[in-house]
Amino acid sequence: MCIKTGTGFQSKGSYLFGHFSMHIKLPAGDTAGVVTAFYLSSTNNEHDEIDFEFLGNRTGQPAILQTNVFTGGKGNREQRIYLWFDPSKAYHTYSILWNMYQIVFFVDNIPIRTFKNAKDLGVRFPFNQPMKLYSSLWNADDWATRGGLEKTNWANAPFVASYKGFHIDGCQASVEAKYCATQGRMWWDQKEFRDLDAEQWRRLKWVRMKWTIYNYCTDRTRFPVMPAECKRDRDA
Ligand SMILES: *[C@@H]1O[C@H](CO)[C@@H](O)[C@H](O)[C@H]1NC(C)=O
């Protein structure tokens, strides 16, 4: 028998740019095969998407935080890190900053990834497709844990993720909107949010050196030519 099940929720509003954050406590114990996602996505065909995906593991084995960015329907930009804490023990803050210059993924305010606007290098950047915020939890034991070797232990169900402190500071737009009326005037558009500061770069470097286990930018088997946007990715 193949049991397929999942759950999720989404924001009512759609947003173009802003800062999105949530405190999440991940399912505990034996969560191999279970994926919990927290992401922004547009609802159209050639969609844009900004993803946090938590890949569960056997009790005592480390979960993986995978991030990805889709632009115009194209993804394949996975990065994977181990966390410096057990994400099932307590709430931690996961947030996304999105403006015309960059997308930054944060864990407890530590930047773990940037995706810089590289339009000048021919890379699409999300700017005209409003996104909703989603979270979901589902069975992905065909790929999530040790490449699909570890199967979901249904005896441990239900798998419960807990959420609080949901916060959006964003330019709310209708699903069809092509631009944000307040762009350039909100806090997340301002100069200090257009790049990381020195302290943030230092912390990102720490994440890359100590916690990163996969980065598509350095995967020459998969991408013999480095994807163009990676050139913006300092130290990649
Ligand atoms: C699960 O644990 C194994 C063994 O420690 C590790 O190789 C793997 O990266 C961990 N995480 C996932 C999601 O597979």
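Ligands are counted one by one from 1 in listed order, and the atoms in each one are counted from 1 as well.
Only one option out of Arg77, Arg124, Lys119, Lys116 pairs with Glu229 in a side chain to side chain donor-acceptor pair (under 3.5 Å); it is Arg77.
Side-chain rings of Phe54 and Tyr94 approach one another, their centers coming within less than 6.0 Å.
Between Tyr163 and Phe9, the angle of the ring planes goes over 60°, which puts this pair in the perpendicular group of the 30/60° scheme. The aromatic rings of His92 and Phe85 lie parallel to each other, with less than 30° between the two planes, well short of the 60° mark.
A salt bridge links Asp120 with Arg232; the closest basic N to acidic carboxylate O contact falls under 4.0 Å.
Scanning for ring-ring contact (aromatic ring centres under 6.0 Å, His included) contacts around His167 gives an empty result, with sequence neighbours left out.
Ligand 1 is surrounded by Leu55, Gly56, Asn57, Gln61, Pro62, Ile64, Tyr82, Ala144, Thr145, Arg146, each with at least one heavy atom closer than 4.0 Å.
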